[in-house]
Number of protein chains: 2
Amino acid sequence: MSQMKSEHIPKATIGRLAVYIQVLENLLRDGNDVISSEKLARACSVNSSQIRKDLAYFGEFGVRGVGYYVQELITSIKQSLGIDRIWKCALIGVGNMGAALLRHHDFEKRGFHIAAAFDCDPDKIGREFESLEIVCPTHLKEQAPEMGLEIGIITTPPDRAQRAANHLVDANIRGIINFAPARINVPAHIPVEYVDFFDHLYAIAFQITLGND
Amino acid sequence: MSQMKSEHIPKATIGRLAVYIQVLENLLRDGNDVISSEKLARACSVNSSQIRKDLAYFGEFGVRGVGYYVQELITSIKQSLGIDRIWKCALIGVGNMGAALLRHHDFEKRGFHIAAAFDCDPDKIGREFESLEIVCPTHLKEQAPEMGLEIGIITTPPDRAQRAANHLVDANIRGIINFAPARINVPAHIPVEYVDFFDHLYAIAFQITLGND
DNA sequence: TCAATCATGTGAAATATTTAACAAGGGGAG
DNA sequence: CTCCCCTTGTTAAATATTTCACATGATTGA
């Protein structure tokens, strides 16, 4: 059980926890059982206090004078993030991006099971893709509770994103990942994350350009 | 020419500029010619001062008493970010993710042209994918300058990411996007961005879990 | 032309995050 | 058992970012 202190947790901390997991899993694969915040910090390119502080939001996972047991720490971080279980997801929009995500089997590996796929294109409805029958989004409201769908993944064109969001909200989904390049409006209690990897390309372009002025 | 003040620019600002572009382009499509920071702020779910301050790093793009001319602002932001031109990219690792990116034609639309694809798998070398011949990464060093490749995209398995990075560095690439779930080491003058959309899934899982404690 | 209005750009105040510094505590050698 | 070493967890200081508040300048209408 994670010994959670209920302080406000910076969003940046959550992002770094994801990095720590990644690095810790690679360390484990290489046979490291124990690691100090100092060494982990170097591997993640962050400050070691940062790591200790990030972890302190959730509990005390280390042993003074020793460091952190890698496997244990991975487990603790996953518990803290709430990814020590399977999350069932509904995907809306089986276009390029949607199809790519359905094929991308890492979802399962990482604990996110895409259990249903929706699309409003009549040509697609009824067809099977990656052993999932494509269903009309109007059925979301009835299927979501039946199937226990909790997270919605929007992969529609931008002008359909809001409609997809409405369907998800209506179906009582608890959180949304939006891959469509458009902002959406949903009730405040439903968290939304926007994914657009062009952000990162822009960041690189900017940094390169900056260096050369 | 962007009237750039050389102050340090927060990374978060770059991320928001990408959001502004997205929202502005949708506004333009809907026939809005002019917009105030206040209205844009609401559409982006940020504070209006934030927008004015973000833009102020790069120049003065608005008209007092009026607001911003949407098309002009888009152009100015793109200039500021250095994305008012085509960037040529080299992709390494034609697996699931790499193939998906090669098929994803938005790259071209957004000004990032994947001009060459590399993979060290002998079965893949020589084959054509999306009208690109897959080449052995050892040829990067000779092809990069010839073709003017500037940005490297790593889509290898995690244990191959560092080797891919080394090839890119050796070929004098100027920036790297790493989709592989592993940290890489490169000289400090080469910017690296890590892309992993599971970060966002973790963030959603965390926020949902938090709400229910 | 002048006043009234409006929204920008910006310096100063309020927050938030990161880093540094160290006290607290576990482990091992003698 | 005690002392010494090592690394954590945490408080306090330093930085960075965001928000507020308003002076500045452009536009419009009388």
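The figures that follow rest on heavy atoms only: side chains count, while hydrogens, waters and symmetry mates do not. Just so it is clear, the model here is predicted, and its values are computed rather than measured.
The A/Glu60 side chain lies nearest to D/dT10 when the options are C/dA20, D/dT10, D/dT7. In this structure, of D/dT18, D/dA26, C/dG25, it is D/dA26 that holds the atom nearest to the side chain of B/Arg64.
Across the protein-nucleic acid pair, B/Tyr57 atom OH and D/dT18 atom P stand 7 Å apart, rounded to whole Å. What separates NZ of B/Lys11 from P of C/dT18 is a distance of 13 Å, to the nearest Å. A/Asp54 places its CG atom 14 Å from the P atom of D/dT8, with the value rounded to the nearest Å. Atom pair B/Glu38:CD and D/dT19:P shows a separation of 12 Å (rounding to whole Å applied). As a whole-Å value, the separation of A/His8 NE2 from D/dT17 C1' is 14 Å. The CG atom of B/Leu40 sits 13 Å away from the C1' atom of C/dT8 (whole-angstrom rounding). The CD-C1' distance, from B/Gln50 to C/dA14, rounds to 14 Å in whole Å. In this structure, the CD atom of A/Glu7 is 15 Å from the P atom of D/dG9, given to the nearest Å.
Side-chain nitrogen and oxygen atoms of A/Ser37 include at least one within less than 4.0 Å of the OP1 or OP2 phosphate oxygen of D/dT8. The shortest distance between the side-chain N/O atoms of B/Tyr68 and the OP1/OP2 oxygens of D/dA26 is not below 4.0 Å. Phosphate contact (OP1/OP2 of D/dT7, side-chain N/O of A/Tyr69, threshold under 4.0 Å): absent.
One finds a salt bridge joining B/Glu193 and B/Lys11 here, because a Lys/Arg side-chain nitrogen approaches an Asp/Glu carboxylate oxygen to under 4.0 Å.
Residue B/Ser36 is in sugar-phosphate contact alone, with no base atom involved, counting any heavy-atom pair closer than 4.0 Å across all strands shown. Nucleic acid contact for A/Thr13: none, since no nucleic acid atom lies under 4.0 Å from a heavy atom of the residue.
Aromatic ring centres of B/Phe197 and A/Phe179 lie closer together than 6.0 Å.
Both A/Val63 and B/Val63 lie close to DNA chain D; mapped to their nearest nucleotides by heavy-atom distance, the more 5′-ward contact belongs to A/Val63. The residue among A/Lys53 and A/Gly67 whose nearest nucleotide of DNA chain D is located toward the 5' end is A/Gly67. When each of B/Val66 and B/Ser49 is assigned the nucleotide of DNA chain C with its nearest heavy atom, B/Val66 is the one assigned upstream, toward the 5' end.
Between B/His104 and B/Phe107, the ring planes lie perpendicular to each other; the angle is over 60°, past the 30° to 60° tilted range. In this pair, B/Phe112 and A/Phe198 present their aromatic rings tilted. The plane angle is within the 30 to 60° band.
No hydrogens or angles were tested; on distance alone, nothing pairs the side chain of A/Arg52 with the base of D/dT8 as donor and acceptor under 3.5 Å.
Looking only at atom types and distance, the side chain of A/Gln22 has no donor-acceptor partner in the side chain of A/Asn26 under 3.5 Å away.
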